[in-house]
Amino acid sequence: MADKTFYITTPIYYPSDKLHIGHAYCTVATDTMARYKRLCGYDVLFLTGTDEHGQKIEDKAKAAGVTPQQFVDNIVTGPRGVLDLWKLMNISNDRFIRTTDDYHVKSIQYIFRKMYEKGDIYKGSYKGKYCKPCESFWTESQLKDGKCPDCGREVQDAEEEAYFFRLSKYASRVRDLLTDTDFLQPASRVNEMVNNFIDCEGGLQDLCVSRTSFSWGIPVDFDPGHVVYVWVDALSNYITALGYGNDRYHDYEKYWPHAVHFVGKEIVRFHSIIWPAMLMSLGEPMPQKVYGHGWLLLDGGKMSKSKGNVVDPYILAERFGVDALRFFLMRTFPFGSDGNFSNELLINTINVDLANDLGNLVSRSTAMVEKYFGGSLPKTDAAEAVDSELLALVTSLRGRYEAQMEQYQFQNALEDVFKTIQRANKYIDETAPWVLAKDEAKRDRLAAVLYNLLETVRICAVLLTPFMPESAAKIFAQIGASAAAQTWESAAQFGVLPDGVCVRKGAAIFPRIDAAKELAELEALEEQLRLAAQGPQLELEPYETERVDFDTFCKSDFRAVKVKACEAVKKSAKLLRFTLDDGSGTDRQILSGIHKFYEPEQLVGKTLLAIVNLPPRKMMGLESCGMLISAVHKENGEEKLNLVMLDDAIPAGAKMC
């Protein structure tokens, strides 16, 4: 099985926020490749995961008032988090690694120490430019217009004690790997890496691989004041998940020689220069391939969580179906180039390719078998010249498809499949089964035409399985294809469906979408999400224009009061009755119309602020001696009220001044 073993990985995603459609694009592509290889009979291991350390995570957790571990747990395992998204998108990963996993931590400490003991890691002092969003260090010459060359954002001056990896030591070997092999694809990425990072002014620089200015990372076990820099931590996941440096797994020897990394083009530098150099230092073999795909662009710019221009794959999958979204991502954008995403393009692709072409072919073919043969189709050999073009296209389809898939050209593989589907729809018009059905003498010919259509559908469905697994299964069920008729081997054979195959026409697999209606609803939904991301729309009470002189203000007696008891006032929906300790030795009663905002039990024991020298007044027959102080505003048109609550260390009766 050595030549039929395949290991494929996504990058591990940074859980600083919910994932967007760009992350789904890479993961669906990796899943499609894994499913294709399994279909071809390979022993596949598919890895994805999350990169959970770093200063940005530490800062975000602090801002959210939680620990870094709690923060990443919420993003990864919480509702509609990373794991939920991959389950929704039908991602078939065999393993999911988190860089906070104990076994990975153990491995990273082993790897760091091994390179240190070899002399490839040394202690020094870092002084330069640092991009926090990218977790990247840059020299002054590498900046673009003084900003990060990857994301275009501001960089910070950074200076601290750090360990460095002798990346420069491996410059010539990495250069040879890039220029003399097909290790990095597409080939267009090679010159960019060599010219910008190896043959550039100053050459390949040693890499900062530890930090001391934050603590959220894997400790360097022989120097605990340092944590391992995120890229050493993150890149090594591809081998730690196989058991390298730990005893959690034992698959390194089996899978690592057959590794392919799918990554976004913005991290090709790390995977094609730093990662190979690390492996050279460790004395380990290279992965087979690093493939740097392009970006999905929105309005001409890269999708970015920090810019707020992201598309939520949850919304699209729930509205249009998981398989439709998976198909769109692989059909529309050349894998390796940038692509412009739009809702219009998504809906048009679903309507044209899936509803009109594929859906129409399946529906018409099964409907005619039911109508003309009661759902059970005899197998005949009443061939005519008009069949030859379709059959030539179908019988050669698997070979053309395979050639494209092996080059990771998913969109071209799908193009070949859909040219065949379109040709089959044309074949229906050419053979006119409804005319043949009127002549009993042409019954064998009618059966042959419909059989040709079912076999075309079957072979196309086999090849669509890696892209749309659930929809392909529905098609197989409708055309009566057994498990043996769904295999990779069967896709190279015409005539696999047996004599008397039974079809079961079902509901439309891809209903046509009302584009105008959907676009309007999506636009409204996106506006709601945009406003929600900006925070609530606040409306404050207008400021008073009448001036109050200082002496008058000083006559107001504001005191700290402790809530001894609180209860709802009978027959009133608004009023709460407070029994308060105001420090005088005599309980004070105040009524306040805040029941809409608080339940009585929430307030007992709290320290509040009250004005106590207002004249008593009757409310629902009860006397109120003073007024509790609250803050009021409106959020999105709804009134909000918050009682002013004081530190419980303030004694009852303390005067506010």
Asker: State, with a plain yes or no, whether a side-chain heavy atom of Tyr427 is found less than 4.5 Å away from one of Thr431.
Answerer: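 Touching, per the 4.5 Å side-chain cut-off.
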Asker: Taking all non-hydrogen atoms of both residues, which atom of Tyr238 and which atom of Ile12 are closest, and how far apart?
Answerer: OH-N, 4.4 Å
Asker: For Glu489, is there any backbone N or O sitting under 3.5 Å from a side-chain donor or acceptor partner on Gln493?
Answerer: yes
Asker: side-chain contact (heavy atoms from CB on, under 4.5 Å) for Asn90 and Arg35? Distances and angles first, verdict last.
Answerer: CA-CA 11 Å; Asn90 202 5; Arg35 288 178 182 273; 3.3 Å; yes
Asker: Closer than 3.5 angstrom, by distance alone: can the side chain of Asn425 be matched with the main-chain N or O of Asp357 as a donor-acceptor pair?
Answerer: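 Answer holds: yes.
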Asker: Please determine whether side chain to side chain donor-acceptor pair (under 3.5 Å) holds for the pair Trp295 and Glu266, giving the CA-CA distance in whole Å, both sets of side-chain angles, and the decisive distance to 0.1 Å.
Answerer: CA-CA 9 Å; Trp295 291 336; Glu266 74 278 9; 2.6 Å; yes
Asker: Salt bridge or not for Arg331 and Asp353, using N-O below 4.0 Å?
Answerer: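 Salt bridge: yes.
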Asker: Can you tell if the side chain of Thr99 reaches within under 4.5 Å of the side chain of Thr50, non-hydrogen atoms only?
Answerer: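 Contact flag for Thr99/Thr50 side chains = no.
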Asker: Can you confirm whether or not the ring centre of Tyr314 sits under 6.0 Å from the ring centre of His20?
Answerer: no
Asker: Should Phe46 and Phe6 be marked as a ring pair (Phe, Tyr, Trp, His ring centres under 6.0 Å) after you check the CA-CA gap, both sets of side-chain angles, and the distance that decides it?
Answerer: CA-CA 8 Å; Phe46 168 18; Phe6 187 69; 9.8 Å; no
Asker: Could you report the tightest heavy-atom contact between Pro287 and Leu279, atom names first, then the distance?
Answerer: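 Pro287 and Leu279 have their closest heavy atoms at CD-CD1, 3.6 Å.
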Asker: Going by heavy atoms in the side chains, are Arg319 and Leu522 under 4.5 Å from each other?
Answerer: yes
Asker: Any non-hydrogen side-chain atom of Ile459 less than 4.5 Å from a side-chain atom of Phe494?
Answerer: yes
Asker: More than 12 foreign heavy atoms under 6.0 Å from NZ of Lys379: is that the case here?
Answerer: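 Yes, NZ of Lys379 has more than 12 neighbouring heavy atoms, counting only those of other groups under 6.0 Å.
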Asker: Are His293 and Tyr408 an aromatic pair by the rule of ring centers under 6.0 Å?
Answerer: no
Asker: Check this for me: Asp439, atom CG, are more than 12 non-hydrogen atoms of other residues, nucleotides or ligands nearer than 6.0 Å?
Answerer: yes
Asker: Which distance, rounded to the nearest 0.5 Å, do you find between the CG of Leu47 and the CG of Leu242?
Answerer: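 Answer for the CG-CG pair, Leu47 versus Leu242, is 7.5 Å.
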Asker: Taking the six-membered ring of Phe476 (Phe, Tyr or Trp), confirm whether the NZ or CZ of Arg458 is under 6.0 Å from its centre and within 45° of its axis.
Answerer: no
Asker: Return the CG to CE distance between Leu450 and Met368, rounded to the nearest 0.5 Å.
Answerer: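 The CE atom of Met368 is 5.5 Å from CG of Leu450, to the nearest 0.5 Å.
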Asker: Going by the angle between their ring planes, with limits at 30° and 60°, are His23 and Tyr13 parallel, tilted or perpendicular?
Answerer: perpendicular
Asker: For Asp312 and Lys18: C-alpha separation, side-chain torsions, deciding distance, then whether side-chain contact (heavy atoms from CB on, under 4.5 Å) applies.
Answerer: CA-CA 9 Å; Asp312 188 344; Lys18 301 294 186 183; over 6 Å; no
Asker: Write down the atom of Pro466, the atom of Arg326, and the distance for their closest heavy-atom approach.
Answerer: O-NH2, 3.0 Å
Asker: Evaluate the side-chain proximity of Leu316 to Phe341: yes if any heavy-atom separation is below 4.5 Å, no if none is.
Answerer: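 Touching, per the 4.5 Å side-chain cut-off.
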Asker: If only atom types and distance count, is the side chain of Asn351 paired as donor or acceptor with the main-chain N or O of Asn348 below 3.5 Å?
Answerer: no
Asker: So, for Phe320 and Phe327, is the gap between ring centers shorter than 6.0 Å?
Answerer: no
Asker: Taking the six-membered ring of Tyr249 (Phe, Tyr or Trp), confirm whether the NZ or CZ of Arg95 is under 6.0 Å from its centre and within 45° of its axis.
Answerer: yes
Asker: Test side-chain contact (heavy atoms from CB on, under 4.5 Å) on Asn93 and Thr27; report intermediate values, then the result.
Answerer: CA-CA 9 Å; Asn93 55 292; Thr27 308; over 6 Å; no
Asker: Within a 6.0 Å radius of atom NZ on Lys505, are there more than 12 heavy atoms belonging to other residues, nucleotides or ligands?
Answerer: yes
Asker: Any side-chain donor-acceptor pair under 3.5 Å between Gln69 and Asp73?
Answerer: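 Yes, because at least one side-chain N or O of Gln69 sits under 3.5 Å from a partner of the opposite role on Asp73.
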Asker: Looking only at the aromatic ring of each residue, does the gap between the centers of Phe328 and Phe333 stay below 6.0 angstrom?
Answerer: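 When the ring centroids of Phe333 and Phe328 are compared, they turn out to be within the sub-6.0 Å range.
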Asker: Applying the ring-ring contact (aromatic ring centres under 6.0 Å, His included) test to Tyr291, which of Phe410, Phe335, Phe183 qualifies?
Answerer: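 When Phe410, Phe335, Phe183 are each tested with Tyr291, the ring-ring contact (aromatic ring centres under 6.0 Å, His included) holds only for Phe335.
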Asker: Please determine if Asp182 and Lys289 form a salt bridge, counting it only when a charged side-chain N lies under 4.0 Å from a carboxylate O.
Answerer: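 A salt bridge links Asp182 with Lys289.
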Asker: Any idea which heavy atoms bring Leu454 and Ser365 closest together, and the distance?
Answerer: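 The answer is CD2-CB, 4.2 Å.
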Asker: Show your working on side chain to side chain donor-acceptor pair (under 3.5 Å) between Thr5 and Asp43 and close with a plain yes or no.
Answerer: CA-CA 5 Å; Thr5 303; Asp43 178 356; 4.9 Å; no
Asker: Within the supplied structure, the quantity of interest is the number of heavy atoms (other residues, nucleotides, ligands) at a distance under 6.0 Å from Glu527 CD; does it exceed 12?
Answerer: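 More than 12 within 6.0 Å, yes.
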Asker: Taking Lys517 first and then Glu521, would you say they form a salt bridge - that is, a charged N and a carboxylate O separated by under 4.0 Å?
Answerer: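 Looking at Lys517 and Glu521, the cut-off is met.
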Asker: Are side-chain heavy atoms of Ile509 and Ser363 found at a separation under 4.5 Å?
Answerer: no
Asker: Treating Glu430 as the side-chain partner and Val386 as the backbone partner, does any N or O pair qualify as donor plus acceptor under 3.5 Å?
Answerer: no
Asker: Side chain of Thr487, backbone of Ala483: donor and acceptor closer than 3.5 Å?
Answerer: no
Asker: For the residue pair Leu463 and Arg398, establish whether any side-chain heavy-atom pair is separated by less than 4.5 Å.
Answerer: yes
Asker: Please assess Asp323 against Ser471 for the test side chain to side chain donor-acceptor pair (under 3.5 Å), listing each intermediate value before the final yes or no.
Answerer: CA-CA 7 Å; Asp323 275 1; Ser471 299; 2.8 Å; yes
Asker: For the CG atom of Leu391 and the OG1 atom of Thr456, what is their distance to the nearest 0.5 Å?
Answerer: 6.5 Å
Asker: I want to know whether Trp488 and Tyr36 have ring centres closer than 6.0 Å.
Answerer: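 For Trp488 and Tyr36, the ring centres are under 6.0 Å apart.
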Asker: Nearest heavy-atom pair of Ile57 and Pro15: which atoms, and what distance?
Answerer: CD1-O, 3.7 Å
Asker: So, applying salt bridge (charged side-chain N to carboxylate O under 4.0 Å, His left out) with Glu389, which one of Arg423, Lys419, Lys426 is it?
Answerer: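 Of the listed options, the one satisfying the test is Arg423.
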Asker: Does His258 have its ring centroid less than 6.0 Å away from the ring centroid of Tyr7?
Answerer: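 Ring centres of Tyr7 and His258 not closer than 6.0 Å.
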Asker: Using side-chain heavy atoms (C-beta onward) and a distance below 4.5 Å, is Thr366 in contact with Arg504?
Answerer: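 Counting from C-beta outward, Thr366 and Arg504 never come under 4.5 Å.
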Asker: Are Tyr244 and Tyr252 near enough that their ring centres are under 6.0 Å apart?
Answerer: yes
Asker: More than 12 non-hydrogen atoms from neighbouring residues, nucleotides or ligands closer than 6.0 Å to CD on Glu406, yes or no?
Answerer: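 Yes - once you tally the heavy atoms of other residues, nucleotides and ligands closer than 6.0 Å, there are more than 12.
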Asker: Taking atom CD of Glu318 as the centre, report whether more than 12 heavy atoms of other residues, nucleotides or ligands fall under 6.0 Å from it.
Answerer: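 More than 12 heavy atoms, drawn from other residues, nucleotides or ligands, come within 6.0 Å of this atom.
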Asker: Asn412 and Arg400: side chain to side chain donor-acceptor pair (under 3.5 Å), yes or no, with the steps?
Answerer: CA-CA 9 Å; Asn412 290 341; Arg400 299 194 310 277; over 6 Å; no
Asker: When rounded to the nearest 0.5 angstrom, what distance separates CG in Asn452 from CG in Asp387?
Answerer: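 Separation between the atoms: 5.0 Å.
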Asker: Between Arg248 and Asp101, is the closest basic N to carboxylate O distance under 4.0 Å?
Answerer: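 Here Asp101 does not pair with Arg248 in a salt bridge, since their nearest N and O are not under 4.0 Å apart.
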Asker: Taking side chain to side chain donor-acceptor pair (under 3.5 Å) as the criterion, tell me which of Thr240, Asn246, Asp247 meets it with Ser107.
Answerer: Asn246
